[in-house]
Amino acid sequence: MSEKKMTSSRRHHLKSLVLQVAQQWLDQEKKETAEAKEAYMAEHCPAPDMVGDQAALMEYCKKLHAAIDKIDEERYDIEAKVQKADKEIEDLKIKVVDLVGVKKPALKKVRMSADAMLKALLGSKHTVNMDLRANLKQVKKETKEEPTEAVGDWRKNIEDKADRKKMFESS
């Protein structure tokens with residue numbers, strides 16, 4: 001072939017030829033498996049001999065049931081082995097993941113304002129204002145006015161307390 005690209009019609013033609021060959025192989029494989037199945041059945045399962053009295057037929061049925069039971073036991077044993085192997089495979093897969101560990105991708109640093117981030121999270125319909133102080137209530141400060149008479153002269157307060165002390169001591 002030359003260095004030129006294949007035309008699309010040539011490419012489609014080659015693709016259809018490959019698909020035809022693959023289809024032929026699949027058909028041949030199906031035919032071979034059907035023949036193998038027929039050969040196996042002819043070898044292992046001969047045609048039943050229905051000639052004889054009732055006792056002979058009953059004996060033949062008992063042999064068939066025994067063969068079926070034996071095959072069922074083998075099938076059950078094989079299924080159990082397969083399930084055990086599958087479980088071991090899953091356990092080994094888990095151990096491999098544990099040993100290797102999960103690789104975390106390197107995160108890229110993104111410069112984005114809080115408004116842009118909220119807009120990306122909430123969608124373009126929501127307009128979010130990051131001015132949080134605008135939503136706060138205004139509180140007026142109240143100045144406490146302390147009674148001036150309580151502050152008064154501290155010596156007078158001490159004398160009043162001393163008088164009370166004398167009152168308790170005398171009684």
Side-chain angles (χ1 to χ4, degrees), residues 1-140:
M1 278 192 174
S2 64
E3 294 287 329
K4 294 180 182 178
K5 292 184 178 179
M6 281 196 280
T7 61
S8 64
S9 63
R10 172 127 172 99
R11 192 175 321 139
H12 289 298
H13 178 67
L14 290 175
K15 189 174 184 180
S16 66
L17 288 176
V18 169
L19 289 175
Q20 286 176 357
V21 171
Q23 184 65 40
Q24 289 173 355
W25 286 351
L26 287 174
D27 292 340
Q28 184 180 0
E29 187 178 334
K30 284 180 185 178
K31 185 179 177 183
E32 288 174 359
T33 54
E35 290 174 358
K37 186 176 181 180
E38 287 177 17
Y40 179 85
M41 292 300 285
E43 181 182 336
H44 293 288
C45 300
D49 185 18
M50 295 295 188
V51 180
D53 61 346
Q54 186 175 1
L57 290 175
M58 291 290 284
E59 187 64 30
Y60 185 71
C61 286
K62 287 180 184 178
K63 286 182 185 177
L64 285 176
H65 280 290
I68 290 171
D69 289 341
K70 182 179 175 186
I71 291 171
D72 279 344
E73 287 176 7
E74 290 175 3
R75 182 180 52 85
Y76 178 78
D77 291 341
I78 291 171
E79 283 179 358
K81 287 180 184 177
V82 168
Q83 287 176 352
K84 184 178 178 184
D86 287 345
K87 186 173 181 181
E88 288 178 11
I89 289 170
E90 286 298 319
D91 291 343
L92 290 174
K93 283 181 181 178
I94 291 172
K95 284 183 182 179
V96 166
V97 169
D98 288 344
L99 290 175
V100 171
V102 178
K103 293 183 180 178
K104 295 179 183 174
L107 298 177
K108 296 179 181 177
K109 189 173 185 179
V110 178
R111 290 184 178 222
M112 186 181 285
S113 68
D115 287 331
M117 197 177 302
L118 285 173
K119 193 177 243 186
L121 289 173
L122 299 175
S124 61
K125 294 180 182 177
H126 301 285
T127 55
V128 179
N129 190 1
M130 280 302 295
D131 187 15
L132 298 176
R133 291 182 180 169
N135 298 333
L136 297 176
K137 293 181 181 178
Q138 294 292 329
V139 179
K140 295 179 182 177

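Counting begins at 1 with the first residue of the sequence.
The distance from atom CD1 of Ile94 to atom CG of Leu99, rounded to the nearest 0.5 Å, is 12.0 Å. Rounded to the nearest 0.5 Å, atoms CD (Glu73) and CD1 (Ile78) are 12.0 Å apart. Atom CG of residue Leu57 and atom CD of residue Gln54 lie 7.5 Å apart, to the nearest 0.5 angstrom. Interatomic distance, CG of Asp27 versus CD of Gln24, reported as 8.0 Å (0.5 Å rounding). The SG atom of Cys61 lies 11.5 Å from the NZ atom of Lys63; values are rounded to the nearest 0.5 Å.
Other residues, nucleotides and ligands place no more than 12 heavy atoms under 6.0 Å from the NE2 atom of His65.
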Exercise answer: donor-acceptor pairs, residues 13-20 side-chain atoms, under 3.5 Å, sequence neighbours excluded:
| from | atom 1 | to | atom 2 | distance (Å) |
| --- | --- | --- | --- | --- |
| Ser16 | OG | His12 | O | 3.4 |
| Ser16 | OG | His13 | O | 2.7 |

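Checked against Lys31 for a side chain to side chain contact (heavy atoms under 4.5 Å, CB included), the options Gln28, Glu29, Glu35 give a single hit: Glu35.
Residue pairs that meet the side chain to side chain donor-acceptor pair (under 3.5 Å) test with at least one member in residues 78-94, sequence neighbours left out, are Arg75-Glu79.
In this structure, the side chains of Trp25 and Val21 come closer than 4.5 Å at one or more pairs of heavy atoms.
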